[in-house]
Amino acid sequence: MSNDSSKLQANKVHIPEELANAPNGPALIQLIERTGYNLIQENGQRKYGGPPPGWEGHHPPRGCEVFVGKIPRDVYEDELVPVFETAGRIYEMRLMMDFDGKNRGYAFVMYTQKYEAKRAVKELNNYEIRPGRLLGVCCSVDNCRLFIGGIPKMKKREEILEEISKVTEGVLDVIVYASAADKMKNRGFAFVEYESHRAAAMARRKLMPGRIQLWGHQIAVDWAEPEIDVDEDVMETVKILYVRNLMIETTEDAIKKMFGQFNPGCVERVKKIRDYAFVHFTSREDAVHAMQNLNGIELEGSCLEVTLAKPVDKEQYTRYQKAAKGGGTTTEVTQQPNYVYSCDPYTLAYYGYPYNALIGPNREYFVKG
């Protein structure tokens, strides 16, 4: 038995036969010998760790994973791990693999702590892994939400929820946007929230065009525009409300009057776009008080939905898009404010994001809208 094999047995690291026979097998074996991590290939991906050796405790929480795009197809864990472990302790790395033995150009790296993932995004985005080849690194989104278009506009939320629940499993919620011109109609699309990413992926596969119809209609389905996580400490500072489901005719003055009724002068300004608005307050306390008292209240015949605006900055959003789509270019935006409610594409348009940043069939529906 070779010395290398003896060391690996002592570390209790499993060496799959296909790994030992891989073109870069010696380098990979040397890596797991150094770290003690397991490296296993399954279901089109190669998993390093998950958990790491000696791990005791729970699975890392949401927010600990980063997405790594634009990986050269002949770069593997023996090159990637040394780079990404500089940001923190790796819990798991999943490198997507092709049948020919090369990688598919992207991977997911999960750290043990959120701050380590943030450090990786900050320090390793645009890292030059090979001469002229820059990695794209951004926070990973565990997307559990699907976009479904082609829904009859007279269908109510409850009817859509019932129909989707009949044909897919794990449905938690359905988000429906009322038509800006006629609140009795929907806009022809909905967002469906599932209990897990796996449930959403299974539903997406089942609902692909040509496989199933809803109410006798062909539908369009894709992943919803991802909602980017916002730090809790950042959310604690927000003093802007996002108000949805307004009437087209409702004016900014009417909104300002309604939201300023609890403390005269507390509303700095209102920006209304189509049938939603942002209400800027002088203090967070006034914003929260107004939200608690006005969510679900009618204004000029329409029931309002009021939430805190989610501040996702342009750099974070475009970093996600560029990494996820392999480095596509986006239009430069000047004087970009930080207030973006990332699930509402009209909001993205208002703040200067180009429509081409939207994914799949979503874009066509939003442009038409």
Side-chain angles (χ1 to χ4, degrees), residues 7-8 10-16 19 27-71 75-97 103-127 129 135-144 195-201 226-236 312-313 315-316 319-320 323-324:
K7 290 178 182 177
L8 291 169
N11 287 336
K12 298 182 180 179
V13 177
H14 174 63
I15 305 295
L19 181 62
L28 294 175
I29 291 174
Q30 188 176 17
L31 168 69
I32 59 178
E33 179 186 78
R34 173 177 69 82
T35 63
Y37 281 62
N38 284 319
L39 188 58
I40 301 171
Q41 184 158 340
E42 57 183 6
N43 301 325
Q45 62 182 359
R46 204 154 60 197
K47 187 168 73 170
Y48 170 82
W55 178 263
E56 294 182 3
H58 298 292
H59 187 278
R62 183 178 179 182
C64 291
E65 188 174 71
V66 300
F67 171 85
V68 185
K70 299 187 288 183
I71 302 173
V75 167
Y76 302 99
E77 293 87 348
D78 56 297
E79 291 184 68
L80 294 170
V81 168
V83 172
F84 283 89
E85 64 186 3
T86 62
R89 188 183 183 192
I90 296 175
Y91 178 86
E92 174 184 272
M93 176 183 288
R94 293 182 291 121
L95 181 63
M96 302 301 119
M97 300 298 293
N103 77 66
R104 295 171 60 191
Y106 66 99
F108 297 88
V109 182
M110 181 176 292
Y111 289 93
T112 59
Q113 303 288 337
K114 288 185 179 181
Y115 73 84
E116 295 170 328
K118 292 179 184 176
R119 181 188 297 157
V121 172
K122 183 178 180 180
E123 297 180 0
L124 300 178
N125 184 48
N126 290 326
Y127 179 88
I129 190 74
L135 298 177
V137 182
C138 64
C139 292
S140 173
V141 180
D142 190 14
N143 203 347
C144 301
E195 63 185 11
S196 67
H197 176 76
R198 176 178 172 79
E227 184 175 7
I228 302 174
D229 281 337
V230 181
D231 289 347
E232 293 178 6
D233 54 345
V234 174
M235 284 303 297
E236 288 294 328
V312 178
D313 61 47
E315 182 181 357
Q316 181 185 4
R319 182 188 297 143
Y320 176 88

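If you're wondering where the values come from, they're calculated on a predicted model, not measured in any experiment.
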**OP:** Could you walk me through whether Arg89 and Trp55 pass the side-chain contact (heavy atoms from CB on, under 4.5 Å) test, one step at a time?
**Re:** CA-CA 11 Å; Arg89 188 183 183 192; Trp55 178 263; 3.8 Å; yes
Subject >> Between CG on residue Leu80 and OH on residue Tyr48, distance to nearest 0.5 Å >> reply: 11.0 Å
Original post:
Around Glu123, counting heavy atoms of other residues, nucleotides and ligands shown, do more than 12 lie under 6.0 Å from its CD?
Top reply: yes
**OP:** Check Val83 against Glu79 and note the closest heavy-atom contact, atom names and distance.
**Re:** CG2-O, 3.4 Å
**OP:** Tell me, with the steps shown, if Arg94 and Glu65 meet side-chain contact (heavy atoms from CB on, under 4.5 Å).
**Re:** CA-CA 10 Å; Arg94 293 182 291 121; Glu65 188 174 71; 3.1 Å; yes
Subject >> From Arg104 atom CZ to Leu95 atom CG, the distance as rounded to the nearest 0.5 Å >> reply: 10.0 Å
**OP:** Could you tell me whether the side chain of Asp78 reaches within less than 4.5 Å of the side chain of Gln30, counting heavy atoms only?
**Re:** no
Original post:
Which atoms form the tightest heavy-atom contact between Tyr37 and Gly49, and what is the distance?
Top reply: CD2-CA, 3.4 Å
Original post:
Quick check: does any side chain N or O of Tyr111 sit under 3.5 Å from a backbone N or O of Lys118, one acting as donor and the other as acceptor?
Top reply: no
**OP:** Taking the side chain as every heavy atom from C-beta outward, state whether Gln45 and Met97 have any atom pair closer than 4.5 Å.
**Re:** no
Original post:
Parallel, tilted or perpendicular for Phe67 and Phe108, by the 30°/60° rule?
Top reply: perpendicular
Original post:
Could you go step by step and tell me if Phe84 and Leu135 meet the side-chain contact (heavy atoms from CB on, under 4.5 Å) rule?
Top reply: CA-CA 11 Å; Phe84 283 89; Leu135 298 177; 3.9 Å; yes
Subject >> Heavy-atom side-chain contact between Tyr76 and Arg46 under 4.5 Å >> reply: yes
**OP:** Report the C-alpha separation of Thr35 and Ile90 in whole Å, then their side-chain angles, then the decisive distance to 0.1 Å, and conclude whether the side-chain contact (heavy atoms from CB on, under 4.5 Å) test is met.
**Re:** CA-CA 11 Å; Thr35 63; Ile90 296 175; over 6 Å; no
Original post:
Is any side-chain heavy atom of Asn38 closer than 4.5 Å to a side-chain heavy atom of Ile32?
Top reply: no
**OP:** Taking all heavy atoms of Gln113 and all of Cys64, pick out the closest pair and write down the distance.
**Re:** C-SG, 3.6 Å
Original post:
Taking the side chain from Asn103 and the backbone from Val75, do they hold a donor-acceptor pair closer than 3.5 Å?
Top reply: yes
**OP:** State, to 0.1 Å, how close Leu124 and Ala87 come at their nearest heavy-atom pair, and which atoms those are.
**Re:** CD1-CB, 4.4 Å
